[in-house]
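Notes follow the structure.
Below, chain A is the first sequence line, B the second, and so on; all start at residue 1.
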Amino acid sequence: MTSIRTRFAPSPSGYLHVGGARTALFNWLYARHTGGRFILRIEDTDKARSTEDSIKAIFEALEWLGIDWDEGPFYQSKRTEIYRQYIERLVRTGHAYYCTCSPEKIQQMREKAMAAGDKPRYDGTCREKNLGPQPGAVVRFRAPYSGTTVLKDVVKGNIVFQNSELDDFVICRSDGTPTYNLAVVVDDLTMEINTIIRGDDHVMNTPKQILLYKALEAQLPVFAHVPMVLGNDRSRLSKRHGATSVTAYRDMGILPDALINYLARLGWSHGDQEFFTREELIQKFDIAAVGKSAGIFDPVKLQALNADHIKASDPASLAPRLVPFLARTGIEARPDQYMAKVIATLNTRSKTLVEMAEAARFYYLDQITFDEKAARKFLKPAVAPALEKLLAKLEQLDEFSDKSLEKVFIQVMEETGLKLGKIAQPVRVALTGTSVSPGIFEIIGVLGKKRVTDRLEKALEYIRERSG
RNA sequence: GGUCCCAUCGUCUAGCGGUUUAGGACGCCGGCCUCUCACGCCGGUAACAGGGGUUCGAAUCCCCUUGGGAUCACCA
């Protein structure tokens, strides 16, 4: 049994979008699942659209996703000599021929066919002329006029194409560069790719490629065309549907494992399971279980899954990821033990790292600013005695555990006759500035004696100023 | 328009001829828990596009219709 070789072959004409990421993911997962190899190839033959920045953006996105490759990156732009050899071979074996029909003539041909209600295709003017190489000539593939070409697709099943639908497509441009279909086949052949997993927008190209494989007397790879990712209006996912780039989701505070989990589950399933770790994905992924129909990208479900991944993550391991998001809110902090404790209080109430960073700010601020509404409602003279008693008791307390803190609060409740609800909210405002936060014992435990007593004093000052 | 693909709750999906009053998840709506907000837990809402066949029996197989998508380059 030969080992599986898959590849991801993006064209660098923009950032990596989630659809492309899913294709990369499926290839990567399948290679990892089978113990095969995953190859990265950059399809940059279109000089006009390919940019260095796009290439870097794609690497960056793949790296963030944790999708690594075993071979490559290979660049089509550096392989022109290889393509030239294969094109020559096809001409030599009679599978291709030079064509001197001008683009204008082809255009006319097309318009005429369209007007007559026919399919716009090359009429074969140069097919039997046996022309040699010459300036301005392209090379066309000699496609069969009759018969059928069958694509045996792992996810779609058998798809039959009438060869009469095909025409003598160009495999080499007049400037000597190969066209997409030729380059892809030569690359996949020479890189020994035996499993091609790609978006189903490529199915119509596949019969041409199969014909090329046959002309080259090569063994066909296994094809798996996975369904597209759509926007909420069922059209192809694009910018007008909102964020589509992988890095945009990174910046929104989505965890790479959550995005991978979501993308994998969009079009693939394993019974009723929704949550998968990276390892589970590798262990359970199988192209045979990929569905046939297109799926709509749902950012809301992605967020829900992200929340699950945040919950399942070890707080300490989340700390380095949280740092840049804290920085964005003006908090410069190190991913230390303190941050791990902060995260432990926030991980069940944050859907994204952006939310978590926002909710974590009060742990780091030197100066708490009170939310006006919250302060007016809860920091009233009536609670001052309770806050004072609490302050005094906490100053005497050495160990800030849930248990010891609860004991202190119970004492204050007994002495003041106030219920916990009446005391907790003012304390919460005093410590966080707002009326929403993690549990009161939790935040006291994390903040520690110094910060807590300082903030309680500040709150008491505030109450005195307001009443006085 | 030609060709090709697809079709289960709003969305992602389970289902691969009988075990189905069609299951799970997200969302939404209730409730419980409770120091706030969440989390968690419990319950509810909601689908086999339509029509013909095949079969004792169809969401599952076949055909048609409808709807959606893809693709028709010297772009990839």
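Not one side-chain nitrogen or oxygen of Arg121(A) sits closer than 4.0 Å to the OP1 or OP2 atom of U3(B). Between Lys311(A) and the phosphate of A38(B), there is no side-chain N or O to OP1/OP2 separation shorter than 4.0 Å. Phosphate contact (OP1/OP2 of C6(B), side-chain N/O of Lys292(A), threshold under 4.0 Å): present. Under 4.0 angstrom from either OP1 or OP2 of A73(B) there lies no side-chain N or O belonging to Arg140(A).
Comment: Glu414(A) does not engage Lys389(A) in a salt bridge, judged by the lack of any side-chain N to carboxylate O separation of less than 4.0 angstrom. A salt bridge does not link Glu372(A) with Lys377(A): every distance from a Lys NZ or Arg NE/NH1/NH2 to an Asp or Glu carboxylate oxygen is 4.0 Å or more.
Between the OH atom of Tyr262(A) and the C1' atom of G27(B) there is a distance of 12 Å, given to the nearest Å.
Listed nucleotides C35(B), U13(B), C12(B) differ in distance to Ser269(A); the shortest reach to its side chain belongs to U13(B). The Glu165(A) side chain lies nearest to U3(B) when the options are U71(B), C12(B), U3(B). Nearest to the side-chain atoms of Phe161(A) among the listed nucleotides C4(B), C74(B), G24(B) stands C4(B). Comparing C12(B), U36(B), C5(B) by their closest approach to the side chain of Leu266(A) singles out C12(B). With A7(B), C4(B), C39(B) as the choices, the nucleotide that has an atom nearest any side-chain atom of Thr348(A) turns out to be C39(B).
Counting non-hydrogen atoms under 4.0 angstrom, Lys422(A) reaches nothing in the nucleic acid.
Inspection of the Arg361(A) and Thr432(A) side chains reveals no N or O donor paired with an N or O acceptor under 3.5 Å. Side-chain contact annotation: Ser437(A) with Arg349(A), donor-acceptor N/O pair under 3.5 Å absent.
Using Watson-Crick or G-U wobble geometry with both donor-acceptor distances under 3.5 Å, A38(B) finds no partner in any strand shown.
Atom P of U3(B) sits at a distance of 24 Å from the matching atom of U8(B), rounded to the whole Å.
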